[in-house]
Amino acid sequence: MNPEAITESLIKRLRTTAALDDEDIQAIRSLPVLVRQYRPDQPVVREGDRPSECCLLMEGFCIRAKSTSDGRRQILSIHIPGEIPDLQSLHLHVMDHDLVTLTECTLGFIAHTALRNVTRRRPSVAEALWRDTLVDAAIFREWIVNVGQRTGVSRLAHIIMELRERLRVIDKVSGPEFGLPMTQEQLGEAMGITSIHANRILKQLQNAGVLKFQRGRVTILDETKFRDAADFDKLYLHLDPAL
DNA sequence: TCATTAACTGAGG
DNA sequence: CCTCAGTTAATGA
């Protein structure tokens, strides 16, 4: 990946939701980034760590998760290219959860010092990142509703709808289809149910002819039915800054 | 390794 | 009585 392209996914995303001028963009582009490749299921930072850098997800999917003392894992969020999943470590110095790769990932590490310098020099960049953090929190709120109140079918449909809307921003949705490289075990961990039940829910949606899920790809076959099942309103993603 | 299915169980409405 | 969901186990891709 050429140096120019490294931060492009981040810029693309920030630009859709925040007003950044040429100097802001230049400041982001000139951040020193150390690129590293990760295998699937590799921890990037763990609970208790004190990172000195943030990581920009450039390619692949990551999750944030916490585990209980008896070893059960809750997936807290799913991250896609252009996001900085551990942005909070810039100001909260000890990690309170794990960041783990889901797939093979390309991660760009940016030193806290460099990032802090940019946010001090370029207030609009600071605002854009702040806004990003607030949207992150809005997504967590929606996930609490998901795990706490929605039925199994609704939970799964909602997660899929959300991912699709977020992937659309970075042009990773082609028509009714997009890549969702998660096992049923992992989907279960995101929904707070066992993989066996995740399988039952998936089957329900597939047998109803609403959804297809094969080898990490989702196809939504019946848009209306799917949206109804998902109880989805994209407002909380705040994708349109004008609203 | 991951997905699928059945049989059984219990909670809760 | 019905639906949802966890456990266990067997089996297939």
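Heavy atoms only: backbone and side chains are in, while hydrogens, waters and symmetry mates are out. Residue numbers start from 1 in every chain, and the chains themselves are labelled A, B, ... in the order their sequence lines are given, proteins ahead of strands.
- Using a 4.0 Å heavy-atom criterion, one finds that A/G216 contacts no nucleic acid atom at all.
- Note on A/R166 versus A/E162: salt bridge recorded, some NZ/NE/NH1/NH2 to OD/OE distance being below 4.0 Å.
- The nearest whole Å value for the distance from the CG atom in A/L102 to the P atom in B/dC2 is 11 Å.
- Among the atoms of the strands shown, none is found under 4.0 Å from any heavy atom of A/L202.
- Atom CD of A/Q214 and atom P of B/dT4 are 9 Å apart (whole Å).
- Between the CG atom of A/L205 and the P atom of C/dC4 there is a distance of 12 Å, given to the nearest Å.
- The residue among A/I196 and A/G152 whose nearest nucleotide of DNA chain C lies closer to the 5′ end is A/G152.
- The 5' end of DNA chain C is approached more closely, in terms of each residue's nearest nucleotide, by A/Q204 than by the other of A/Q204 and A/R72.
- Side chain of A/S154 to main chain of A/R150: no donor-acceptor pair is present (N/O by atom type, distance under 3.5 Å, no hydrogens or angles).
- Placement of A/L205 and A/M191 within a single hydrophobic cluster is found when ILVMFWY residues are connected by side-chain heavy-atom separations under 4.5 Å, directly or transitively.
- Rounding to whole angstrom units, CZ of residue A/R200 and C1' of B/dT4 are separated by 11 Å.
- A donor-acceptor contact closer than 3.5 angstrom links the side chains of A/T106 and A/Q37.
- The interatomic distance linking A/I201 (CD1) with B/dT4 (P) rounds to 13 Å, in whole Å.
- Under the 3.5 Å distance criterion, with hydrogens and angles disregarded, a donor-acceptor pair is assigned to the side chains of A/R64 and A/S77.
- For the pair A/K203 NZ and C/dG12 C1', the computed distance is 13 Å after rounding to whole Å.
- Taking 4.0 angstrom as the limit, A/T183 places none of its side-chain polar atoms (N or O) nearer than this to OP1 or OP2 of B/dC2.
- Atoms NE2 (A/H197) and C1' (B/dT5) sit 14 Å apart, rounded to a whole Å.
- The listed nucleotides are C/dA5, C/dT7, B/dA3; the one nearest the side chain of A/Q184 is B/dA3.
- Taking atom CD1 on A/I193 and atom C1' on C/dT7, their separation rounds to 14 Å, with Å as the unit.
- In terms of phosphate contacts, A/N199 brings no side-chain nitrogen or oxygen within less than 4.0 Å of OP1 or OP2 of B/dA3.
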